[in-house]
Amino acid sequence: MASAEAAAESAGSPTSSTSTSFEEVTPNPLSPSIRSTNIALQDLSESRADLLGRIHNLKKDLQEWRGKLDTQVKTYREELGDLKSSLNLEVEQLKSEFEDLRKSLRKQLDDATNIGSMIPGLDKKLEESVPDLMKNMDLNKVDEPDS
């Protein structure tokens, strides 16, 4: 019987020299633990592929967004440059107009002074009328605005 037990033990091993069927000798290649590992690896590969695809799409979106942003910044800078130029031009025009106005007012003041000196006795009349005007004015009275 010992030989029968030895034969039974060796029947389960793949190196057995006794004649047994192929199914008995070959272990099941898709055992449950190997099958679950393969499924987990396949899921991980799919998940990795999905994540890589999403990363690629996000990079693409980011590049498009940067391009649009750069275009907007360029446009705004051009517009600001144009506005600055037009404002500087307007400021220069206003300065020129104020200078012309100042010259005109000085000329009118000089002309008025010259005309006053041409009228005989005007200075004397002004000297006499200023004190009278001062008497008629109440300098302590302050006009309050109407509510």
Side-chain angles (χ1 to χ4, degrees), residues 8-147:
E9 286 177 16
S10 65
S13 71
T15 58
S16 169
S17 59
T18 58
S19 67
T20 56
S21 70
F22 180 72
E23 293 175 21
E24 291 175 353
V25 176
T26 309
N28 187 357
L30 298 177
S31 68
S33 64
I34 294 174
R35 213 175 303 141
S36 66
T37 303
N38 286 342
I39 291 172
L41 287 174
Q42 185 178 7
D43 288 345
L44 287 173
S45 294
E46 289 174 6
S47 176
R48 182 177 183 264
D50 289 343
L51 289 172
L52 289 174
R54 289 172 64 187
I55 289 171
H56 176 73
N57 289 337
L58 288 172
K59 283 183 179 180
K60 182 180 168 187
D61 291 345
L62 179 62
Q63 288 174 345
E64 290 174 2
W65 179 79
R66 279 184 179 169
K68 289 177 184 178
L69 183 63
D70 288 344
T71 302
Q72 270 187 323
V73 167
K74 183 180 177 183
T75 302
Y76 290 153
R77 284 186 179 177
E78 289 173 358
E79 289 176 7
L80 285 173
D82 293 344
L83 288 172
K84 182 180 177 182
S85 297
S86 89
L87 284 174
N88 284 337
L89 180 63
E90 287 183 36
V91 166
E92 290 303 317
Q93 287 175 345
L94 287 172
K95 284 180 181 179
S96 175
E97 289 175 14
F98 278 122
E99 188 60 33
D100 290 344
L101 183 60
R102 181 180 294 141
K103 287 178 184 177
S104 174
L105 289 173
R106 282 187 182 157
K107 185 178 184 296
Q108 289 176 5
L109 184 61
D110 289 343
D111 289 345
T113 304
N114 290 338
I115 289 175
S117 65
M118 291 180 179
I119 299 174
L122 182 63
D123 290 337
K124 189 175 183 178
K125 287 183 181 178
L126 285 174
E127 288 174 9
E128 293 172 357
S129 63
V130 168
D132 292 339
L133 287 174
M134 296 300 284
K135 288 179 187 175
N136 292 335
M137 294 176 56
D138 186 4
L139 296 178
N140 294 326
K141 181 181 177 187
V142 177
D143 290 338
E144 293 185 16
D146 294 334
S147 299

Worksheet item: Would you say Arg54 and Leu51 make side-chain contact, with heavy atoms under 4.5 Å?
Response: yes
Nearest 0.5 Å, what's the [atom1]-[atom2] distance between [X] and [Y]?
X	Y	atom1	atom2	answer
Thr75	Asp70	OG1	CG	10.5 Å
Leu58	Lys60	CG	NZ	11.5 Å
Leu44	Ile39	CG	CD1	12.0 Å

Fill in: Sidechain N-carboxylate O distance under 4.0 Å for Arg106, Asp110
no
Show me the donor-acceptor pairs within less than 3.5 Å that the side chains of residues 82-100 make with the rest of the protein, sequence neighbours left out.
{"from": "Ser85", "atom 1": "OG", "to": "Gly81", "atom 2": "O", "distance (Å)": "3.0"}
{"from": "Ser86", "atom 1": "OG", "to": "Leu83", "atom 2": "O", "distance (Å)": "3.2"}
{"from": "Asn88", "atom 1": "ND2", "to": "Lys84", "atom 2": "O", "distance (Å)": "3.4"}
{"from": "Glu99", "atom 1": "OE1", "to": "Arg102", "atom 2": "NH1", "distance (Å)": "3.0"}

Discussion item. Strictly distance-based, threshold 3.5 Å: is any side-chain N or O of Ser45 a donor or acceptor partner for the main-chain N or O of Leu41?
Written reply: yes
